[in-house]
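One structure follows; several queries about it will come next.
The structure presented is a predicted model; accordingly, all values stated were derived computationally and were not measured.
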Amino acid sequence: MTFMSSRVDGESVEKETRYLKKRFLTPNSEQFEDAERFEDWLRARHEFMVRKGWRDPAMSEFDRYDADPQTAHIALYDEKDTLTFGMRLTPITSAEEALSWDMTADSAIHTQIDREALKTVGPLWDLTRLVPGSKVSPAQSFDIIPRLFHEGMVYSQQQGDENPLWMFALDPTTHRWLESQGVPITVLGRGKIGSDMHDTILGLTQPAAIDQSGSDFALRSRAGAL
């Protein structure tokens, strides 16, 4: 398998576009730059996870990835400064280090994976918390998700990984939507986690290959890019 990251260490960076603004929310020692914004991001994630039935409302949303200084939190906001979509990217040296890997441990997914082949893919990025804002519409998501993928790709490349490979766990609806938009996903395995009613898919994707494909998703991805 041949597979294809922008980090601003210890800083909170905001850049404007016509419709969307991007903000990197990155940890600085034990404190986060722009703490209020970061709390908004945690709240949006928590509400989404609870709505999906994936998290007990009483649980804290903050986890080990949030405390990892190498994690990048990339969020896009609309002209009213409202979160539209965000995600996290964390560099990992092997699949077994990933939070996505831990999330799928309570399933048959790991029994389907060729672990020896997976060891040959090199450095990975764990994509977690691909989460919409509470007011984003499906029509907005159509353009925002490609933009988010582009910004994440640029971020990864700025860290020296020209051809980043992202690993993520996703539900069947998101999987079908991404593939219908021309986003190729290498499925490592799929199965139900715990009491979930639907399968979870553990997969890999190459954002740079997507970005260079000439697909409609790629064109939307680069539209208004920073």
Worksheet item: Can Asp126 and Ser100 be counted as having a side-chain donor-acceptor contact under 3.5 angstrom?
Response: yes
Discussion item. Do His73 and Arg45 make a side-chain contact, defined as non-hydrogen atoms from C-beta onward lying under 4.5 Å apart?
Written reply: yes
Worksheet entry | Closest approach of Pro91 to Gln70 (non-hydrogen atoms, all atoms of both residues) | CD-O, 3.3 Å
Worksheet item: Are Arg115 and Glu96 side-chain neighbours, meaning at least one heavy-atom pair lies under 4.5 Å?
Response: yes
Worksheet item: On the ring face of Trp41, is Arg43 found with NZ or CZ under 6.0 Å from the centre and within 45° of the axis?
Response: no
Worksheet item: Thr205 and Val183: which non-hydrogen atoms are nearest, and at how many Å?
Response: OG1-CG1, 3.8 Å
Response to the item:
Residues Met153 and Ala208: closest non-hydrogen pair is SD-CA, 3.5 Å
Worksheet item: Hey, does the side chain of Thr84 reach the backbone of Leu76 with a donor-acceptor pair shorter than 3.5 angstrom?
Response: yes
Discussion item. For the backbone of Leu188 and the side chain of Gln112, can you confirm whether one donor and one acceptor N or O come within less than 3.5 Å of each other?
Written reply: no
Worksheet entry | Derivation and outcome, side-chain contact (heavy atoms from CB on, under 4.5 Å), residues Leu170 and Leu130 | CA-CA 9 Å; Leu170 63 164; Leu130 180 63; over 6 Å; no
Item to complete: Measure the CG-CE distance between Leu148 and Met87 for me, rounded to the nearest 0.5 Å.
Response: 4.0 Å
Practice prompt. With sequence neighbours excluded, tell me which residues meet side-chain contact (heavy atoms from CB on, under 4.5 Å) with Ser134.
Written response: none
Worksheet item: Where do Ile145 and Trp177 land on the side-chain contact (heavy atoms from CB on, under 4.5 Å) test, with the steps shown first?
Response: CA-CA 11 Å; Ile145 293 175; Trp177 186 85; 4.0 Å; yes
Discussion item. For the CG atom on Asp102, are there more than 12 heavy atoms of other groups (residues, nucleotides or ligands in this structure) within a distance under 6.0 Å?
Written reply: yes
Item to complete: Measure across Arg220 and Gln181 and return the closest heavy-atom pair with its distance rounded to 0.1 Å.
Response: NH2-OE1, 2.7 Å
Worksheet entry | Electrostatic pair Asp66-Arg129, nearest N-O below 4.0 angstrom | no
Worksheet item: Going from CD1 on Ile185 to CD1 on Ile201, what distance comes out if it is rounded to the nearest 0.5 angstrom?
Response: 8.0 Å
Worksheet item: Where do Phe85 and Ser141 come nearest, in terms of heavy atoms and distance?
Response: CE1-OG, 3.4 Å
Worksheet item: Would Leu42 and Met59 show up in the same hydrophobic cluster when neighbours are defined by side-chain heavy atoms closer than 4.5 Å?
Response: no
Practice prompt. Walk me through it: do Val187 and His175 pass the test side-chain contact (heavy atoms from CB on, under 4.5 Å)?
Written response: CA-CA 10 Å; Val187 175; His175 179 244; 3.7 Å; yes
Practice prompt. Scan Thr82, Leu83, Asp40 and name whichever one has a side chain to side chain contact (heavy atoms under 4.5 Å, CB included) with Tyr77.
Written response: Leu83
Worksheet item: Do the side chains of Leu118 and Leu204 get nearer than 4.5 Å, heavy atoms only?
Response: yes
Worksheet item: Between Phe48 and Trp54, what is the shortest heavy-atom contact and its length?
Response: CE2-CZ3, 3.9 Å
Worksheet item: CG/Leu89 to CD/Glu151 distance, rounded to the nearest 0.5 angstrom?
Response: 11.5 Å
Item to complete: State, yes or no, whether a side-chain contact exists between Gln140 and Asp143 at a heavy-atom distance under 4.5 Å.
Response: no
Worksheet item: What is the distance from atom CD1 of Ile74 to atom CZ of Arg147, rounded to the nearest 0.5 Å?
Response: 11.0 Å
Discussion item. Keeping Arg176 on the side-chain end and Asp171 on the backbone end, is there a donor-acceptor pair under 3.5 Å?
Written reply: no
Worksheet item: Side chains of Ser221 and Asp211: is there a donor and an acceptor less than 3.5 Å apart?
Response: yes
Discussion item. Could you check whether any side-chain heavy atom of Phe168 comes within less than 4.5 Å of a side-chain heavy atom of Thr128, counting everything from C-beta outward?
Written reply: no
Discussion item. Please report the interatomic distance CG(Leu165) to CG(Leu124), rounded to the nearest 0.5 Å.
Written reply: 5.0 Å
Worksheet entry | Nearest-0.5 Å distance that lies between atom OG1 in Thr186 and atom CG in Leu202 | 11.0 Å
Discussion item. Could you see if Ile92 belongs to whatever hydrophobic cluster contains Ile109? Use Ile, Leu, Val, Met, Phe, Trp, Tyr and a side-chain cutoff under 4.5 Å.
Written reply: yes
Discussion item. Looking at His198 and Pro172, would you say the former's side chain and the latter's main chain have a donor-acceptor pair under 3.5 Å?
Written reply: no
Worksheet item: If we ignore angles and hydrogens, is there a donor and acceptor under 3.5 Å between the side chains of Arg88 and Thr71?
Response: no
Worksheet item: How would you list, by chain and number, every residue that makes a ring-ring contact (aromatic ring centres under 6.0 Å, His included) with Tyr65, sequence neighbours excluded?
Response: none
